[in-house]
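Have a look at the structure below, then the notes.
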2 protein chains.
Amino acid sequence: MAARQTEQFDKLIATRKIVKRGDPLFRSGDRFKSLYVVGTGFLKSTVASTGGREQITGYHIAGELFGWDGINSGRHMFDAVALEDTEVLVLPYGRLEAAASVMPMLLTHIHKTMSREIVRDHQLMLVLGSMRAEERLAAFLLSLSQRFKARGYAHNDFNLRLSRAEIGSFLGLQLETVSRAFSRFVRDGLIEVNQKHVRIINAAGLRQAVIGVPG
Amino acid sequence: MAARQTEQFDKLIATRKIVKRGDPLFRSGDRFKSLYVVGTGFLKSTVASTGGREQITGYHIAGELFGWDGINSGRHMFDAVALEDTEVLVLPYGRLEAAASVMPMLLTHIHKTMSREIVRDHQLMLVLGSMRAEERLAAFLLSLSQRFKARGYAHNDFNLRLSRAEIGSFLGLQLETVSRAFSRFVRDGLIEVNQKHVRIINAAGLRQAVIGVPG
DNA sequence: CGACGGGTTGATCCAATTCAATAATCGTGG
DNA sequence: CCACGATTATTGAATTGGATCAACCCGTCG
């Protein structure tokens, strides 16, 4: 399935683009022209607010399609920043829309992808709005694991590519709180941690640490 | 503009549906068949989690299009509940997709609406992830006001149709905290409150209470 | 009229933030 | 390749914002 879709997308790719670790792919306010598929690497999306606050609102791993935020106003509303050297495939939006008109399957696929993003966002709201610190971290680890799995990567032994501060920003916590939650999970034998490398030892235990994650 | 679009949508409407205050339009797990436009009334979307937690993830006022959450999996992922007696226009999704293929403007419109939803969701994440209680409430009031304005309703004198508990659920706060924040704003002369009726007196002051809302 | 749901306000408590000190790791240039 | 400065992570102690527990008010509806 993934292969078929990739094949279809291939025809729509204008260019590939390399983004170096730490560099932005696009910034809030940039003119919106394209959607992107992550080829290799890892990116984060952030919303900034006047007042210096910043919230990480999502991350994008290899194979994922993103960049919807600019369609409405014609300008991007978030920043997308590479967390490691990353290659993205550029899909010019105009070309995509034109193609979608004659390829119903492609249209459906795009809608499904946007729909999935919306569902994921709402699940994150549940995390942000109603969970305590350890529950949030457990939910985050499980969801990350899921997404790696869905894309065919190792799912209980992986590299967070986010710093503690970034995880904190994503989960609405301070970095110290994130660090303490990690320590607790290690102490309880749920995970092993070595800096950014995490191995999930007891997934059931993690799940239990999140009374309330849907699915 | 709104008129033109409404006209286009009219052809796609299968039925109208009345939902009584407190009743669900759809529930998580229901088979996804249609998108909806709010005719008159007001609805909320909620995500529930095993463990009895519930988070309000959005609300929908007259004129707004919603229901994307089911496209991906074919089943709705949230509950949509009427907060007052509500009439919704039912747009069967299959028909919509077919029509969109031959009407590029309609397709663009749909994408823009989904895009706007995603942007709004991310802004709510910023609220949930980084603001303190009073900032959250101020941001909520301003955003509600904006949306009423965008739809042509009075925007500094309106009825919240949400209870304090529901506002709390939306903002990740307890109802007591919401109530206290309201009292504070009244004391500071920013708003007048009479139960669910709110009049914004000092919008600039409210905006200042949210150092950090984008826009 | 009494009961009940929704709202306000006060007192106490606790989880997470903040402040602070230390340790581990990374990256860079010599 | 190593050394050194700069990030990044861990852990502890003190503080605080919001949750929780509780009392009370008000309007509405049977």
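In what follows, chains carry the letters A, B, and so on, assigned in the order in which the sequence lines appear, proteins first and then strands, with residues in each chain numbered from 1.
- Closest contact between the side chain of E176(A) and the listed nucleotides dC19(C), dT10(D), dT8(D) involves dC19(C).
- G172(A) comes within 4.0 angstrom of sugar-phosphate atoms only, judged by non-hydrogen atoms across all strands, and of no base.
- Nearer the 5' end of DNA chain C, as judged by each residue's closest nucleotide, is the contact made by L162(B), out of L162(B) and R180(B).
- As judged by a 4.0 angstrom heavy-atom cut-off over every strand, S183(B) is placed among residues touching the sugar-phosphate backbone only.
- The residue among E134(A) and N194(A) whose nearest nucleotide of DNA chain C lies closer to the 5′ end is E134(A).
- Nearest to the side chain of R164(A), among dT18(C), dT10(D), dT8(C), sits dT10(D).
- At a threshold of 4.0 angstrom between heavy atoms, the contacts of R132(A) are confined to the sugar-phosphate backbone, with no base atom among them.
- Look at CG on L137(B): it is 11 Å from P on dT8(C), rounded to the nearest Å.
- As judged by a 4.0 angstrom heavy-atom cut-off over every strand, Q195(A) is placed among residues touching the sugar-phosphate backbone only.
- Annotation: cation-pi pair R147(B)/Y59(B) present, NZ/CZ under 6.0 Å from the ring centroid and within 45° of its normal.
- Candidate nucleotides dT8(C), dG18(D), dT9(C) were compared by shortest atom distance to the side chain of A133(B), and dG18(D) ranks first.
- Between dT10(D) and S179(A), a contact under 4.0 Å exists linking OP1 or OP2 to a side-chain N or O.
- For H60(B) and F66(B), the distance between ring centers is under 6.0 angstrom.
- Classification of R184(A) and E134(A) as a salt-bridged pair holds, one side-chain N sitting under 4.0 Å from a carboxylate O.
- For the pair R53(B) and E135(A), the salt-bridge criterion is met [side-chain N within less than 4.0 Å of a carboxylate O].
- Counting to the nearest Å, the P atom of dT28(C) and the CZ atom of R21(A) are 9 Å from each other.
- Cation-pi check for R21(A) over F42(A) is not met; the charged atom does not lie both under 6.0 angstrom from the ring centroid and within 45 degrees of its normal.
- Following rounding to the nearest Å, Q174(A) (CD) and dA14(D) (C1') show an atom-to-atom distance of 16 Å.
- Rounded to whole Å, atom P of dA15(C) lies 19 Å from atom CG of L171(A).
- Across all strands shown, L173(A) has heavy atoms under 4.0 Å from sugar-phosphate atoms exclusively, and none from any base.
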